[in-house]
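Indexing begins at 1, ligand by ligand and atom by atom, following the structure's order. In this text, all values refer to a predicted model and were calculated from it rather than measured experimentally. The residues of the chain are indexed from 1 along the displayed sequence.
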Amino acid sequence: MVSRAAARLAADTPAIATAHFRAEADPYHPVTNPQGYVNLGTAENRLMWDLLAPRLTTPRNLAATDVHYGQLHGMADLRAAIAALLGQTWRTPVDGEHLVVVSGATAALDIAATVLCDLGEAIVVPAPYYSALDVDLVGRSGARLIPVPMAAAGGFPLDPAELDRALGGLRRDNVAVRAIAVTSPSNPQGHLHRAATLSELLRVAWVHDVDVIADEIYAHSVFGPGRFVSVRDPDVLARVPEVDPDRVHVVWGFAKDFALSGLKVGVLHTSGAQTLAAARALAYFSPTSTDTQVLLRDLLTDTAWVRHFLAQGKIRLAASYRHATDLLNRHGIGYIPAAAAFSLWVDLRDHLAEASFAAEHGLWQRIFGTAKLNILPGKFFSSPEPGWFRLCYAIDPKVVRDGVARLGAVLAHSRRTA
Ligand SMILES: Cc1ncc(COP(=O)(O)O)c(C=O)c1O
């Protein structure tokens, strides 16, 4: 017999993780396992190992203190190194004392939600959204997520006016909302948010007296057009002087920009004394190993290496994006153009037997179950409309080619409603 909270967590494993592990248990290889799963469902950058390997496989000088207990919200020198990097990205000094380093952005999201929400209080998210937020922001905090559908034109871009309307309605219904959570750049669409949009988002949060949680885990995984603007960018904050920056919390991590997803290291930036103290207290339950912290500190303090690595990351992502979109174009498969992150929001609406999530599920069964291609249906992302799928492409181009070919073959046999 387990507690109700544990039973709920066990029942709610993110669908995205379930599909990932099923695909990875029988991975496609053109020669040794041609019938295996092609995994274009997992947002990992697998293009960077040649640059990481020399750093990660060289024996390191560890001091005894490096394997003793360290501060549970992150060693001061790692936090200082992360602060220096984020300070450049945000174009404003970042105080390492405002950072809480934990075991992944997932843990940082869990902490942000737990710090802000009491049981049953709500966090509003523009939909579609990164599907694991259903668990990350809810599973342990006991908060609830309220998706707000964004308008379809242009691929459901972030529209603070829609959030404003929804928050007004929730207030009239006496729903206690504590925060708006966004991904920036957005996952699944890979959109960059403009400074004006972000300041409008902050203004809406201020009007409704709620905090903002911005998941900026893809901040450096940008290939354009456009540049990444943080929600803490001075231009964003300057437009809304009424907003208290202490109510703007940012999540970042090493999984995407540094292609180090398996190390599970994330960070929460929160500057208010109370939220910081509470986040540090929660970090006790999900700290990062000191060995990993030392590794990352040494990586980040080699600023020339970081510059080169991040620049290469952008070049390689741009090439893999071009390759994936060329393939989709050749197969006549529509998608929303992206400027960042590792995924494309692919439009398969015309291939549904009818415009319903049941039909989307049916198509997904053929793609995942029969063709053994892991791409994820929009339902997982609370898509406002059926027929959209997320396809990740930051992997070996040959695998992307074979995956898109499998998709093309399924679609060639699916009924078009148009
Ligand atoms: C927007 C977003 N946040 C958080 C995560 C998870 O990060 P981590 O592996 O550091 O927990 C992901 C991974 O896909 C993501 O896309």
Side-chain angles (χ1 to χ4, degrees), residues 13-21 23-24 39-46 74 78 82 86 99-114 123 125-140 145 147 156 158 180-193 212-222 228 230-231 249-269 282-283 285-289 292-293 296 317 338-345 374-376 380-382 390-395:
T13 309
I16 190 169
T18 307
H20 166 81
F21 288 113
E24 291 295 306
N39 188 6
L40 306 186
T42 305
E44 269 184 325
N45 184 346
R46 297 187 179 177
L78 173 63
I82 297 173
L86 293 183
L99 296 176
V100 175
V101 176
V102 283
S103 55
T106 303
L109 288 162
D110 166 43
I111 289 176
T114 307
I123 299 176
V125 267
Y129 60 86
Y130 167 53
S131 64
L133 294 183
D134 281 328
V135 177
D136 302 355
L137 295 174
V138 170
R140 288 209 302 180
L145 273 200
F156 311 95
L158 175 62
I180 304 171
V182 296
T183 51
S184 174
S186 68
N187 176 0
Q189 306 100 309
H191 286 160
L192 292 167
H193 305 314
V212 169
I213 303 169
D215 180 340
E216 298 186 351
I217 197 168
Y218 291 102
H220 305 91
S221 300
V222 175
F228 170 74
S230 171
V231 75
H249 318 278
V250 180
V251 169
W252 181 75
F254 286 85
K256 313 296 176 181
D257 295 343
F258 282 88
L260 292 170
S261 43
L263 299 195
K264 293 299 296 182
V265 183
V267 61
L268 173 67
H269 178 276
L282 287 164
F285 299 104
S286 43
T288 303
S289 90
T292 302
Q293 291 191 51
L296 294 176
L317 275 179
F342 311 157
S343 61
L344 277 157
W345 193 231
N374 183 27
I375 60 171
L376 300 172
F380 287 5
F381 300 85
S382 296
R390 192 189 76 165
L391 181 150
C392 302
Y393 52 79
I395 59 167

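In the vicinity of G104, heavy-atom distances shorter than 4.0 Å reach the ligand 1 atoms 10 (O), 11 (O). If you number the atoms of ligand 1 from 1 as listed, the ones under 4.0 Å from a heavy atom of T183 come out as 1 (C).
The nearest heavy-atom contact from the protein to atom 14 (O) of ligand 1 is K256 NZ, 2.5 Å. Protein heavy atom in closest approach to atom 9 (O) of ligand 1: K264 NZ, 3.0 Å. Summary of contacts: the protein heavy atom closest to atom 5 (C) of ligand 1 is Y130 OH, 3.3 Å. Shortest contact from atom 11 (O) of ligand 1 to any protein heavy atom: T106 OG1, 2.5 Å.
Nearest heavy-atom pair across A341 and G190 is CB-CA, 4.3 Å.
The closest approach between any non-hydrogen atom of E44 and ligand 1 is not below 4.0 Å. Heavy-atom distances between Y218 and ligand 1 reach below 4.0 Å in at least one pair.
From L296, atom CG reaches atom CD1 of I82 across 7.0 Å, with rounding to the nearest 0.5 Å. Here the CG atom belonging to N39 is positioned 11.0 Å from the CD1 atom belonging to I375, to the nearest 0.5 angstrom. In this structure, CG in D215 is found 11.0 Å from OG in S186, a value given to the nearest 0.5 Å. Between atom NZ of residue K256 and atom CD of residue E44 there is a gap of 7.0 Å, rounded to the nearest 0.5 Å. Taking OG1 of T114 as the start and CG of L109 as the end, the distance is 10.5 Å to the nearest 0.5 Å.
Residues W252 and D257 form a side-chain contact, since some pair of their non-hydrogen atoms from C-beta on lies under 4.5 Å apart.
Under 4.0 Å from ligand 1, the heavy atoms of N187 that appear belong solely to its side chain. At a heavy-atom distance under 4.0 Å, only side-chain atoms of A255, from C-beta outward, approach ligand 1.
For a threshold of 3.5 Å applied to N or O pairs, the pair formed by A105 and ligand 1 contains at least one separation below that value.
Heavy-atom proximity to atom 3 (N) of ligand 1, evaluated over I217, D215, L263, is greatest for D215.
If you check the side chains of T183 and Y129, you find no donor sitting under 3.5 Å from an acceptor.
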